[in-house]
Amino acid sequence: MKSVMFVRGLLAIMLLLALGVLAGCGENEQSQSKPAAVSKEDVKKEAKEAYDTTKTYTQEQMQAFREQTEAELAEYGKEIDQLQAKAEMMGADAKAKAEQQLTALRQKRDAVSEKMKELGSSSEGAWEQIKSGIEAALEDLGNTYKKVAAEFSKS
């Protein structure tokens, strides 16, 4: 009999503790579950910040690409000048052929320079397309240079 009363007492204490814990949890949940109010202005501000960050990043990428491409063009200019100096020492027939090849190289270099001018006046949205065109023109210039330089080394 004493053990039955002991078990009932223990169950009653456990029930009271469980109710106390549940009541305490309910208050915390209510105070924590209130969402913070987000205003239209907050959303606009965050969208503007994201736009400005994206714009700045794109401009930085454009500038880095511009600097790299201009350095490559300057290097090709020097290499073409070196080939020109070699052409000056060639015989008449070889020199005439070399001049044609050098003219083609200069035209390809100038084509890249013209595309670079387009990059300067392009919008951030169109720059990827212009960049692709410049990269293709640079690749063409590089391939042509390799062929011409190989011809010069044979002479």
Side-chain angles (χ1 to χ4, degrees), residues 14 17-155:
M14 289 173 57
L17 286 173
L19 289 174
V21 169
L22 286 177
C25 289
E27 291 174 11
N28 286 342
E29 284 181 20
Q30 288 175 356
S31 65
Q32 291 177 356
S33 66
K34 291 181 182 177
V38 178
S39 69
K40 185 167 95 172
E41 287 75 30
D42 291 339
V43 173
K44 283 182 180 180
K45 181 181 175 185
E46 287 182 26
K48 182 177 179 349
E49 288 172 358
Y51 172 78
D52 290 343
T53 301
T54 303
K55 183 177 179 180
T56 301
Y57 174 77
T58 302
Q59 289 173 343
E60 288 170 357
Q61 294 298 309
M62 286 174 65
Q63 183 61 30
F65 179 75
R66 180 179 292 114
E67 290 171 2
Q68 177 188 351
T69 303
E70 287 173 354
E72 287 182 53
L73 284 175
E75 185 62 31
Y76 278 120
K78 290 176 186 175
E79 291 171 352
I80 291 170
D81 290 343
Q82 290 172 355
L83 291 177
Q84 180 68 48
K86 287 182 182 179
E88 296 298 325
M89 294 184 228
M90 295 179 173
D93 290 340
K95 185 176 180 179
K97 182 178 178 184
E99 288 294 334
Q100 289 175 345
Q101 292 172 330
L102 290 170
T103 299
L105 269 176
R106 287 185 184 102
Q107 288 172 346
K108 290 182 185 291
R109 183 197 58 203
D110 293 345
V112 175
S113 293
E114 286 300 314
K115 289 187 182 295
M116 288 296 291
K117 289 177 186 174
E118 291 176 28
L119 180 64
S121 63
S122 71
S123 67
E124 285 84 15
W127 103 272
E128 283 291 335
Q129 185 177 9
I130 294 171
K131 177 185 172 191
S132 296
I134 292 171
E135 289 172 334
L138 267 176
E139 185 177 347
D140 184 36
L141 173 60
N143 292 337
T144 303
Y145 173 78
K146 288 176 188 174
K147 289 177 187 174
V148 171
E151 288 279 329
F152 272 64
S153 65
K154 290 179 188 176
S155 301

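- For the pair Lys131 and Leu119, the minimum side-chain heavy-atom distance is 4.5 Å or more.
- The shortest heavy-atom contact between Glu99 and Ala87 is OE2-CB, 4.4 Å.
- In this structure, the side chains of Gln61 and Trp127 come closer than 4.5 Å at one or more pairs of heavy atoms.
- Counted within 6.0 Å of CG on Asp52, heavy atoms from surrounding residues, nucleotides or ligands total more than 12; the atom is thus considered enclosed.
- Counting only distance, with no hydrogens or angles, the side chain of Thr69 and the backbone of Arg66 share no donor-acceptor pair below 3.5 Å.
- In this structure, the separation between CD on Glu72 and CD on Glu70 is 11.0 Å, given to the nearest 0.5 Å.
- For the pair Lys97 and Met90, the minimum side-chain heavy-atom distance is 4.5 Å or more.
- Taken from CD in Glu114 to CD1 in Ile134, the straight-line distance is 11.0 Å, to the nearest 0.5 Å.
- Taking CZ of Phe65 as the reference point, atom CD of Glu135 lies at 4.5 Å (rounded to 0.5 Å).
- Counting all heavy atoms, side chain and backbone alike, Arg109 lies closest to Gly77 at NH1-CA, 3.8 Å.
- Atom CE of Met116 is separated from atom CG of Leu138 by 8.5 Å, given to the nearest 0.5 angstrom.
- With a 4.5 Å cut-off on side-chain heavy atoms, Leu105 and Tyr76 do not count as touching.
- Between the CG atom of Leu102 and the NZ atom of Lys95 there is a distance of 11.0 Å, given to the nearest 0.5 Å.
- With no hydrogens or angles considered, no side-chain donor-acceptor pair links Gln63 and Gln59 at under 3.5 Å.
- With contacts defined as side-chain heavy-atom distances shorter than 4.5 Å, the pair Ile80/Val148 does not qualify.
- Annotation: side chain of Glu79 is not in contact with side chain of Leu83 (no heavy-atom distance under 4.5 Å).
- In this structure, CD on Gln129 lies 9.5 Å from CD on Glu118, to the nearest 0.5 angstrom.
- Inspection of the Asp110 and Ser113 side chains reveals no N or O donor paired with an N or O acceptor under 3.5 Å.
- Checked by atom type, the side-chain pair Gln101/Arg106 shows no donor-acceptor distance below 3.5 Å.
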Leu73/Leu141 under side-chain contact (heavy atoms from CB on, under 4.5 Å): CA gap, chis, key distance, verdict: CA-CA 10 Å; Leu73 284 175; Leu141 173 60; 4.2 Å; yes
